[in-house]
Amino acid sequence: MSLFAPSAITSDLRKANPFVANPTPTAEFSTRAGLKIPVPFRRRLPRLATSSFLVAGDIASYLIAYLLLLPFLPHGSEKMVLERAFALAALAAIVLYASNGLYPGYRLHDHEHLRRRTTASFKVSIIAALGAILLPEGLGLLFPIIGFLGLGLVVQPLMRGAARGLSWRLGIWGERAVIVGARNRIPSLMAYFSEHWHYGIRPESFSPDTSEVLADNGPSIALIADDTGSFIAELATMRRQFAEVILLSDTPNLKITGLRPADVGGEIGVRLAVGGRSASSNLVRRVLDLVIAIPATLVLMPCILVAAAAIYAIDPGPVFFRHAREGLSGKPVRVLKLRTMYRDAEQRLETLFRDNPDIQAEWSNHFKLRQDPRILPVIGHVLRSSSFDELPQLVNIIAGEMSFVGPRPFPEYHLSAMDSEFRAKRRSVTPGLTGLWQISERSNADIELQQQLDEFYIDNRSLWFDWHILLSTIPAVLKGKGAC
């Protein structure tokens, strides 16, 4: 049966799914106000409004950066010159953001946003450096401009998040997209894109009455979530009726990772990319690890010693422990941690398994317990919920056994639940203090999802991805979704 043939299920889809063919806020407003806005412009109006909010957020970020620098700026005419230079630098950066597709930046991962923004700010800094060389007394402008742009980059994720959240609450964030595929796959895909709304896809079930919907400000994107061979004859029709047609892999489970578009001799194809394994990128990672880990160890050492004293006061005995984990190329890594459990934790766990089969089932899925009686009172829960117990691993990072970002080094009983092919892939990279599943799911992820997220990270590994994960770790810990 043709996917575009009228069907009796159309009315059922409309009733069951509130997303299908519902008019957008823009359409409702124009109807109530009696305005006759052309359909092409009405389609772009939410996108323009969202982009305006994002631009306003970036302007606010640079204003905040200016206010932070204000106490350090000179007075008089020099201050006026600096203010004009700041305004020009901010304008140049925003223009580059726009040319790099960051307004609104739908369907871009957060680390790609970070890469594009940092690259744009670097380009503006290069232009400022050239101006400093060519203009008289230009050197006095260079470092203030670099500091201004750097502070703007630090503030922008917060302001962008606020602007994006406001657009989402107003119902104008994202592009409407119908999901075409088997009925058993549509609910999971809709749940996935609804939960990950920041990607900018507003999912709707497929309605056969496509032409009517499109004529009334309907979805402009079709997401194909099925075997393309089953409806290859319909693709030409879909390309006429939708502005964009996207063939999905198994998105909710991320089973196909590292997939990239490729132009092979003029033919459109795909390639499976292997990210971040060059010697130069590994060297940069190592340098950054040392630059961050050594000062962090010196600053945090007093706090670690206070925590160690609290542990000893509650349960006298060794306050640190080393646990054997699997590292790069399968080499054993003795991971250093603050002790957060009673010394007889293993015996307590065996007793729990014997007395409560449900607890054993929870352990089999997560290798963690939500209510774990083995954890030390007060100090143990505080250290684990804040991930502070992991900080002694800064020593492992300095020793080169671990990196700041990478798949977490798991104990043998955890790894034994994963397939051998995936274990071999994990051995190809250095384990990390934090990773992708720590910032996205933390301890709520089961074994299968942990494996899928780690595999996605390994296949798409890059320095920008690492920076995004590292910067996202702090808010993930503060939200307290679970222990790393």
Self-check item: Non-hydrogen side-chain atoms of W467 and V405 separated by less than 4.5 Å
Solution: no

Practice problem: Would you name the heavy atoms of L142 and S125 that are closest together and state the gap between them? | Solution: CD1-O, 4.3 Å

Quiz item: Does the ring centre of F465 sit less than 6.0 Å away from the ring centre of Y457?
Solution: yes

Quiz item: Any donor and acceptor pair, going by atom type alone, linking the side chain of R164 with main-chain N or O of R160 inside 3.5 Å?
Solution: no

Quiz item: Does one side chain, of Y97 or Q156, offer a donor that lies under 3.5 Å from an acceptor on the other?
Solution: yes

Quiz item: Can you find a heavy atom in the side chain of V178 that is under 4.5 Å from one in the side chain of L223?
Solution: no

Quiz item: Any chance the rings of F193 and Y199 have centres within less than 6.0 Å?
Solution: no

Quiz item: Heavy-atom distance under 4.5 Å between the side chains of F53 and L170, does that happen here?
Solution: yes

Quiz item: Nearest heavy-atom pair of I186 and I179: which atoms, and what distance?
Solution: CD1-O, 3.8 Å

Practice problem: Determine whether P431 and P407 make a side-chain contact, defined as any pair of heavy atoms from C-beta on separated by less than 4.5 Å. | Solution: no

Self-check item: CZ/R84: more than 12 non-hydrogen atoms of other groups inside 6.0 Å
Solution: no

Exercise. Please determine, by modelled atom types, if T430 and S403 share a side-chain donor-acceptor pair under 3.5 angstrom.
Key: no

Quiz prompt | Minimum heavy-atom distance between S462 and H111, given as atom pair plus value | solution = OG-CD2, 4.4 Å

Self-check item: M402 to D289 - nearest heavy-atom pair and separation
Solution: O-OD2, 4.3 Å

